[in-house]
There are 2 protein chains.
Amino acid sequence: MVKRTSRDIRTANRYEVLRQIIAESPTSRQELAAATGLSLATVATLVGELLDLRMLTEVGFEDSAGGRPRGLVAVNAAGGALIGVDIAETYVRAELFDLGLNVLARAAEHMRPGESRPEQVVGHVTTAVGSVVAQAGIEGARVLGVGVSVPGQVDRVTGVAEYAPNWDWHDVPLLDLLTEHIAYPLHLDNPLRACAVAELWFGAARGHANAVVVNLGTGVGAGLVIGGGVHRGVSNSAGEWGHTTLVLDGRLCHCGNHGCVETYVGAPGIMLNLRELDPGGALLHPEDQTATVDALARGVAAGDPVAVKVVRDTARYLGAGISDLVNLLNPEIVVLSSWVAATLGEPLVAEVREAVARHALKRPLAATEIVLSPIPGDPVCLGAATFALEGALSSVTQRSSAARRGAPVPLKPV
Amino acid sequence: MVKRTSRDIRTANRYEVLRQIIAESPTSRQELAAATGLSLATVATLVGELLDLRMLTEVGFEDSAGGRPRGLVAVNAAGGALIGVDIAETYVRAELFDLGLNVLARAAEHMRPGESRPEQVVGHVTTAVGSVVAQAGIEGARVLGVGVSVPGQVDRVTGVAEYAPNWDWHDVPLLDLLTEHIAYPLHLDNPLRACAVAELWFGAARGHANAVVVNLGTGVGAGLVIGGGVHRGVSNSAGEWGHTTLVLDGRLCHCGNHGCVETYVGAPGIMLNLRELDPGGALLHPEDQTATVDALARGVAAGDPVAVKVVRDTARYLGAGISDLVNLLNPEIVVLSSWVAATLGEPLVAEVREAVARHALKRPLAATEIVLSPIPGDPVCLGAATFALEGALSSVTQRSSAARRGAPVPLKPV
DNA sequence: GGGGTTAGGAAAGGGGCTGAAGAAAGTCCC
DNA sequence: GGGACTTTCTTCAGCCCCTTTCCTAACCCC
């Protein structure tokens, strides 16, 4: 059974306040209290804590209606840096963010098909992290943490990559390997949850207690936000929606089953949809998912009937799958995320909305909206960095009032 | 955003302690502390509260290893009564429970196909409730509450039956109608969540933070237990799993879609599975779901190949659907509940386990067990009564220590 | 330079949980 | 029979959390 303590309330409120400030920076304590529903006193102490941590700064005043001006606080961009690493099948990407979650530096490492040994991947991660730190010219001590997204199933407590289908990893002690090379606090999880956390903090799911973040990339999955937090399940593998059966005895999936959602709406699935419709067409770039999806997006924009049809077909599959999620989970919002969704954009979402409207039950449907992720850039890196941010916020301990008032509190040592 | 307060912690702990006592009655405070992970002091105050409420009694002592004997507490069966009402398409059933959740009285009202007006249903509920109270010879004041399960979508705050597919009800203010005739505290929800709560308190999901209770009756649904509580979704309609698409363009469902899970594993779906396999067979009782499912169960027990095949086919569909739930939610346990599951029993579960093992991903599968509901009798009535129990426990307010020590606290007035 | 007004800090209060101390109620042994 | 020991259970102090209330700070206007 989950054990909840009053500290969890504090942590959740800390998250909530910081989230609000990042979204609307600068802002006043008054506004924060109104937005979060907390009392002014609580907001003030939380803001005080964050000021002590150097995560916020006071940035002047705002006129009030005649009385004392409101003090404004803003994210202290220079107060620390967060690094998000996105390990994918063919690349490792790292981004370094300031505390406003603006990208200060990027690095990408290409991985050749053969490079699948853990040490090789760890090497690339180390290089990428080193690169962004160097580029940004940040002192090491200011890096509050590194979040790492690794595909597959991850045990976030022990940091073991239990299973990564791309490379057939089994129980690789990734955290231990990374710790040998990276001195910052590390946080591991998978891209599904990274995207979910990114939407929850900075994207369309902000302020929603129940949301589904559908991930459309090469693989497909769903990050589940339930009760204001990411649902992880008992062994941290919740959200494996890509291998939901959509078509009994349908297309063969690499998972061994037939008819998985992924085989119809993942990038390779979309290519197959296209190939079935127009085998020798110009839109298809065999062996290049990105180019094909790009071509489809351009085709739809140009009114190419083949492209329109392929997107519509894909949306139908997707709509059927999403309807199931809507019926089952009754979320407030469904967010379409990841590169395929970003590339195909609104035309896809519009078709999906229609398809869901046809399939889903009326009541849950009425409570749900379906939107495109508003996050620019790589949501996985952002989400991974958010893991680091959450980590930094959870480890805040009670400070003596002497420390709170007087001497600067040193940043979390590496 | 959900707002959590320290009171929620208290309520959750109260639930947990009472749950434990009901499961293992009599028991000692020591054991409770060990089982719940709470400190002895907290357990003692919670037990004290429940004693004051007359929900528990002290029932003697147990030898300790040499020192002072442990005081034993047990559910005070006479401390109050709970009523659970199961409104279904063709009947209204009411059961009256003591606080140990033992059935003291039952009543059932048959409803003819035409009887679908809210007033008629309310009339049957009123009669049934009156009947169980009379049978049990309980004074009205001891009834702590009445839980009512009504099919479809319910707003449990306003008590409006937003949509009941059986009778095409739309926004029927059921709670208001019932309040006119029934003076006890009323709690409304739907059968899915009733079964889930029943399993969570008294069944196979006890002690699990993440569980799925699959409901196999005429209709099909899934009660989701997430984070130790029932997940309701934003408009209290989560769990509508029966209309998940299992077969694209499959059987026509009354919801208007094709290929819904319900059309394959609900009782009418099973009858169809049977009819397709063996059109004129002896097992089929047209127009009688119960008789057909009973016949199937007997057939399987007797080794009838047709029955075995039908159950296997049904289990395959069910297994595919459950695999999706396992992948998506990563629960600790999946419980098969409701009359179809109870009737077909272990043979069905065994086949389902096999089917799920074939479909689900290895990692979530490894963390999940699939079991039959151990609850005897009607889980919907039990769950509905549990709503009333939860209601009675949540409305506990702080008592002055004078009251705690001295004068008996009157039971919740009707 | 006073009133009026609004912001924000400090203190008190209430709810929760825990750990330690002490009272209560046994056993054991002389 | 009476101490010594053990174990249970209650009570109390302590800490965390949030909120309400009171009071000071800061600014506007006259």
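Each chain gets a letter, A, B and so on, in the order its sequence line appears, and its residues count up from 1.
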Does [X] make a side-chain N or O approach to OP1 or OP2 of [N] shorter than 4.0 Å?
X       : N      : value
A:Gln30 : C:dG8  : yes
A:Asn13 : D:dC18 : yes
A:Thr42 : D:dT19 : yes
A:Arg70 : C:dA7  : yes
A:Ser39 : D:dT19 : yes

Comparing A:Ala65 and A:Arg4 on DNA chain C - which has the more 5′ nearest nucleotide: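 So the residue in question is A:Ala65.
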
Using atom [atom1] of [X] as one end and atom [atom2] of [N] as the other, report the distance to the nearest whole Å.
X       : N      : atom1 : atom2 : value
B:Leu32 : C:dC17 : CG    : P     : 15 Å
B:Phe61 : C:dG26 : CZ    : P     : 7 Å
B:Leu72 : D:dT8  : CG    : P     : 12 Å
B:Glu31 : D:dT7  : CD    : P     : 17 Å
A:Asp8  : C:dC17 : CG    : P     : 13 Å
B:Lys3  : D:dT19 : NZ    : C1'   : 10 Å
A:Tyr15 : D:dC17 : OH    : P     : 14 Å
A:Arg10 : D:dC17 : CZ    : C1'   : 7 Å

Give the nucleotide from the list [options] with an atom nearest to the side chain of [X].
X       : options                : answer
A:Arg68 : D:dT20, D:dC17, C:dG8  : C:dG8
B:Ser64 : C:dG15, D:dT10, D:dT7  : D:dT7
B:Ala41 : C:dG15, C:dC17, D:dT11 : D:dT11

B:Asp155 side chain to B:Gly159 backbone, donor-acceptor under 3.5 Å: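 No, the answer is negative, given that no donor and acceptor are paired below the 3.5 Å cut-off.
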
Identified side chain to side chain donor-acceptor pair (under 3.5 Å) partner of A:His208 from the options A:Glu332, A:Glu199, A:Glu369: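 Between A:His208 and the candidates, side chain to side chain donor-acceptor pair (under 3.5 Å) is satisfied uniquely by A:Glu332.
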
With A:Thr27, the side chain to side chain donor-acceptor pair (under 3.5 Å) member among A:Glu31, A:Glu24, A:Arg29: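 It is A:Glu31, the one option of A:Glu31, A:Glu24, A:Arg29 that forms the side chain to side chain donor-acceptor pair (under 3.5 Å) with A:Thr27.
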
Under-3.5 Å N/O pairs linking protein and nucleotides 28-30 of chain D:
from	atom 1	to	atom 2	distance (Å)
D:dC28	O4'	A:Gly66	O	3.1

Terminal helix-axis angle for the helix from C:dG1-D:dC30 to C:dC30-D:dG1, with five pairs defining each axis and rounding to 10 degrees: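 Answer for the end axes of this duplex: 30°.
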
DNA chain D: 5'-proximal contact among A:Leu40 and B:Arg29 (nearest heavy atom):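 Comparing both residues, the 5'-ward one is B:Arg29.
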
Any residue meeting side chain to side chain donor-acceptor pair (under 3.5 Å) with [X], in chain and number order, not counting sequence neighbours:
X        : answer
B:Gln30  : none
B:Arg156 : B:Asp189
B:Thr57  : none

Return all side-chain donor-acceptor pairs below 3.5 angstrom for residues 67-74 of chain B, not counting sequence neighbours, or 'none' if the list is empty.
from	atom 1	to	atom 2	distance (Å)
B:Arg70	NE	B:Glu62	OE1	2.7
B:Arg70	NH2	B:Asp63	O	3.3

From A:Phe97, A:Phe387, A:Tyr15, residue fulfilling ring pair (Phe, Tyr, Trp, His ring centres under 6.0 Å) relative to A:Trp201: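 Among the candidates, only A:Tyr15 passes.
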
Exercise: do A:Thr45 and A:Thr42 side chains pair donor with acceptor under 3.5 Å: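 No, no side-chain donor-acceptor contact under 3.5 Å.
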
Residues A:Glu49, A:Arg10: salt bridge by 4.0 Å N-O rule: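 Salt bridge flag = yes for A:Arg10 with A:Glu49.
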
